[in-house]
Amino acid sequence: MEKTYDPHAIEQRWYQTWEERGYFAPGQSGSDSYCIMIPPPNVTGSLHMGHGFNNTIMDTLIRYHRMKGDKTLWQAGSDHAGIATQMVVERQLEAENKKRHDLGRERFIDRIWEWKQESGGNISRQLRRLGSSLDWQHERFTMDDGLSEAVREVFIRLYEEGLIYRGKRLVNWDPKLHTAVSDLEVLSEEEYGHMWHMRYPLSNGQGHLIVATTRPETMLGDCAVAVNPGDERYRHLIGELLELPLTGRRIPIIADEEHVDPEFGTGCVKITPAHDFNDYAVWQRHRDEITISEQAHGGLINIFTVDAAIRENEATEGSLIPEKYIGMDRYDARKQIVTDLQEQGLLEKIDDHKLMVPRGDRSGVVIEPYLTDQWYVKIAPLAKPAIEAVESGRIRFVPDNWKNTYYEWMRNIQDWCISRQIWWGHRIPAWYDDRGNVYVGRSEADVRAQHNLDQSYPLRQDEDVLDTWFSSALWPFSTLGWPQQTERLQDFYPTSVLVTAFDIIFFWVARMIMMGLKFMDDVPFRDVYIHGLIRDSHGDKMSKSKGNVLDPIDLIDGIGLEDLVEKRTSGMMQPKLAKKIEQQTRKEFPDGIPSFGTDALRFTFAALAATGRDIKFDLGRIEGYRNFCNKLWNATRYVMMNVEGQDCGVQGVKTGHSEPTAKLERSVADRWIMSRLQKTKQAVAEAIEGYRFDHAAQAIYEFTWNEYCDWYLELSKPVLNDDNASLDAKRGTRRTLVRVLENLLRLTHPVMPFITEEIWQRVGPIAGVIDAGQEDVTIMNQPFPTPRRSLIDEAAEEEMAWVMQFILGIRKIKGEMNIAPGKPVPVILANASEHDKALAKRHRHFLDFLARTESIDILTEAEDEPESSIALVGDMKVLIPLAGLIDKEAESKRLEKEIGRMQSDVERIEKKLANSNFVDKAPQAVVDKERDKLTESKSALETLQLQLEKIRKL
RNA sequence: AGGCGCGUAGCUCAGUUGGUUAGAGCGCUACCUUGACAUGGUAGAGGUCGUUGGUUCGACUCCAAUCGCGCCUACCA
């Protein structure tokens with residue numbers, strides 16, 4: 001084996017082997033099934049750290065359950081990401097000076113499919129690099145035929161039940177993309193703006209009202225000014241009319257208690273129902289009032305084009321929209337209107353004002369509430385059972401508190417606008433005739449057949465497509481073959497767990513629950529594991545514009561500084577930030593990023609995956625875990641050097657649990673490490689079952705490094721290198737070495753698949769679990785280690801604690817007395833019990849080797865203690881005679897420190913025990929424990945104090 | 001405004017139902033090229049657990065208040 005671990009040499013080779021051999025497909029047997037649906041990544045996207053984290057967790061769960069023998073499926077696939085993907089291809093066209101309309105719908109969609117072929121492989125390649133054991137053979141795509149059929153089926157069924165309807169409503173309109181977007185695709189950020197206070201004169205010439213607005217241009221569409229009916233200032237004016245400036249229109253003063261807060265501003269609110277959600281609600285309450293209903297469009301006056309410019313008047317409208325502003329962009333119109341108001345003396349004042357500005361998450365432009373025809377899902381009847389599923393515990397959120405977020409959203413949920421005015425997506429299966437009828441069906445032919453419409457009868461399909469999340473909501477069953485009743489659907493629905501970050505609870509999780517309950521009559525998953533977000537080392541969110549993005553592949557392979565700078569600064573939306581990003585990057589990664597390998601990255605994710613907490617990704621951590629890989633690698637090297645070609649007592653053994661065939665002698669170290677291993681197995685399994693990947697990683701790390709490597713490997717050396725040690729003892733040690741390692745590899749495999757496989761292939765035959773040269777075996781399909789109660793050996797653990805304390809005591813003295821660790825020292829034991837003496841004798845080879853003791857003599861009661869430095873093992877004194885050599889100062893200081901510690905201990909416990917309340921009320925066991933401790937500490941204290949006196953007298 | 005979460009060693013984080021001297025990794029100090037590993041070993045320094053009260057025999061842990069930070073939802077025209 002190489003001296004250092006090199007992930008590159010093995011990772012891609014093993015992944016390819018696994019995939020070729022079909023190990024990722026669910027097995028045929030297995031009593032329990034276990035299934036995770038991958039949250040489908042965007043087909044045009046690329047992998048970021050969040051994906052890395054998310055997929056590490058899923059793969060760990062999947063590999064764990066596969067090893068446990070469950071029939072295990074990790075469903076692969078991606079979604080078509082309507083708007084995002086369309087935008088990418090439109091940008092490509094832009095480079096050719098073309099627009100999508102130049103191509104036409106069909107050719108444009110062909111272009112997107114071409115792009116999908118080209119880019120779709122990208123993300124799956126990256127997932128493979130992460131070691132994800134996805135079932136690629138059944139990879140699905142939301143636009144493939146089967147899933148499209150599922151979408152149509154669901155649309156039609158919901159429509160037929162009256163749960164899908166078409167309506168003219170205010171939607172969030174993206175004036176750049178020319179499509180409706182859902183609430184969730186709108187991000188509101190605080191921005192600096194102004195508040196314009198405008199005077200609206202009373203029509204009778206008796207003064208004016210002042211209204212304030214952040215969007216003065218919308219005044220062209222005002223239909224009223226509302227006041228609170230309880231407001232003394234305006235009560236008498238209710239019902240009177242105002243001159244709406246610049247328009248020549250008159251609008252009423254209306255009373256609306258719900259919307260108008262008399263305390264805020266002037267207490268007068270302009271009402272623009274076609275361009276504001278709240279105003280629309282006010283309008284709905286008042287539209288029957290004649291002063292409103294007799295206005296154009298019943299007062300619901302739209303003033304914008306799809307680009308959010310001021311629209312033209314229609315033939316019947318006269319000059320509803322003042323000619324002057326027609327064609328102006330909304331912000332130009334704003335400027336002009338403000339100027340014009342000012343000229344007419346109708347502008348009271350302009351205040352600076354901070355406000356929340358809604359922007360499209362894709363386009364970045366300000367979203368307009370806009371009146372359009374759209375398709376909606378009536379959500380309340382679907383939400384109700386979805387809420388109940390969580391309330392009743394059929395679905396469990398981990399961590400639990402996320403259910404509150406879920407309830408909060410589900411209880412305030414609005415009907416879902418599912419139509420999008422784009423071309424890439426599932427076209428709405430609705431056809432119109434010229435008379436305003438709508439027909440919904442599987443196809444045009446179906447519709448004609450169903451409604452007896454002749455081929456010549458003109459029908460045209462709805463131009464719109466469905467929201468991407470409509471198809472994603474069906475993911476848990478559409479990918480398994482629904483609406484066909486397939487075996488996979490039988491086997492794997494409901495799935496076991498959904499693993500995702502919180503930001504997608506609303507978008508996706510809730511919708512899957514609703515659709516799953518509706519169409520499968522069961523929940524789509526039992527658990528929802530919500531993990532944190534990956535942030536940079538300063539705790540900032542990673543984003544392209546901040547230039548602090550890390551690519552998981554770069555952590556795996558490493559990347560040079562220049563490449564990293566280039567990567568972070570290219571293709572930026574705001575090129576002026578490039579300089580700053582370059583500087584930051586050069587400062588933070590002066591040598592670029594070294595290669596850490598996939599296993600180290602995965603272990604880091606696991607180790608940091610404390611529940612519900614964001615992760616600040618620190619390179620120091622991943623470096624530490626790369627070192628851990630190297631540690632495991634070198635431990636293996638040591639084991640191999642000592643067991644290869646040697647008798648390990650495993651000949652003919654095929655399963656993990658068979659008894660040795662040859663005679664063995666097991667040392668306390670052997671029994672101890674086996675005992676520790678059992679407890680570690682237990683801890684790791686419990687941690688994974690409880691989604692505590694950090695605990696699992698920690699248990700593995702500690703066992704491997706602090707117990708197996710630091711102690712057991714060291715303890716094996718005096719046995720294996722001692723010519724006097726019996727063959728049986730050597731055999732026992734070799735067997736333990738190799739079998740503990742083999743167990744450890746299986747235990748670690750779910751988190752670190754590559755290194756464990758590589759090592760296991762070498763160790764397996766020696767451990768007797770596979771034949772040498774056996775093909776087509778993999779650690780992936782080996783049983784996950786289960787703890788064996790019979791191997792838990794408290795006596796051995798206690799005995800080892802004695803050995804360790806002995807060794808540590810001597811090392812400590814050597815360390816503090818400046819004695820070279822390698823220098824053998826004579827040791828004298830005083831106040832040693834028979835047990836101590838026996839242990840000292842039995843483990844002499846361990847003590848000599850690990851503490852470098854030269855001799856160990858027992859002091860009889862009659863003899864005086866020589867001038868020494870002292871360590872305590874229980875009541876036994878371990879003396880290192882230092883006649884003449886003793887550093888009086890140093891030793892006194894050392895003892896004083898120890899004594900200080902002991903003393904405060906003793907005082908604290910004495911005080912506690914003197915308190916009758918404690919003695920009376922605390923459980924007996926706690927009190928006893930304190931008493932024992934006191935006895936122990938007191939005796940140690942005494943010993944140390946005597947020793948100190950002795951030293952001082954020298 | 002409401003909801004959720006966080007505040008523990010210089011840094012990144014554990015700490016399970018209240019009961020050891022509050023732990024780990026990284027970093028730091030000293031020593032060690034010992035034959036698995038310098039991506040290493042040995043020893044060590046470092047914390048009044050944000051603050052203040054309260055409950056309790058006992059609080060990092062439970063309760064209340066308070067300060068600071070983050071996120072989400074809704075917003076005042």
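The chains referred to below are lettered A, B, ... by the order of the sequence lines, with proteins before strands, and numbering in each begins at 1.
For the pair A:R852 and A:F849, the cation-pi test (distance below 6.0 Å, angle within 45°) is passed. Remark: A:K912 is positioned above the aromatic ring of A:F918, its terminal NZ or CZ atom under 6.0 angstrom from the ring centre and at most 45 degrees off the axis.
Between B:U29 and B:G23, the two P atoms lie 24 Å apart (nearest whole Å). When the C1' atom is compared between B:C4 and B:A9, the two are found 28 Å apart, to the nearest whole Å.
The distance between atom OH of A:Y5 and atom P of B:A36, rounded to the nearest whole Å, is 22 Å. The distance from atom CH2 of A:W409 to atom C1' of B:C71 is 18 Å, rounded to the nearest whole Å. Between A:L713 atom CG and B:A36 atom C1' the separation is 7 Å, expressed in whole Å.
Side-chain nitrogen and oxygen atoms of A:H197 include none within less than 4.0 Å of the OP1 or OP2 phosphate oxygen of B:A77. Contact check, A:N917 against B:G58: no side-chain N or O comes under 4.0 Å of OP1 or OP2. Applying the 4.0 Å criterion to OP1 and OP2 of B:A77, one finds that A:K270 has every side-chain N and O outside that range. A sub-4.0 Å separation between OP1 or OP2 of B:A14 and a side-chain N or O of A:R613 is present.
When Watson-Crick and G-U wobble pairs are counted only if both distances are under 3.5 Å, B:A22 pairs with no nucleotide at all. The partner of B:C31 is B:G41, judged by Watson-Crick or G-U wobble contacts that both fall below 3.5 Å.
Between A:R215 and A:E368 there is a salt bridge, since a side-chain N of the basic residue sits under 4.0 Å from a carboxylate O of the acidic one. The pair A:K938-A:E910 meets the salt-bridge criterion, with a side-chain N (NZ, NE, NH1 or NH2) lying under 4.0 Å from an Asp/Glu carboxylate O.
When heavy atoms are screened at a 4.0 angstrom cut-off, A:D710 is found touching the sugar-phosphate backbone but no base atom. Residue A:N915 is classed as a sugar-phosphate contact, given heavy-atom separations below 4.0 Å to backbone atoms only.
For B:A36, its base sits under 3.5 Å from the side chain of A:E714 at one donor and acceptor pair at least. For A:K3 against B:C37, no side-chain N or O and base N or O form a donor-acceptor pair under 3.5 Å.
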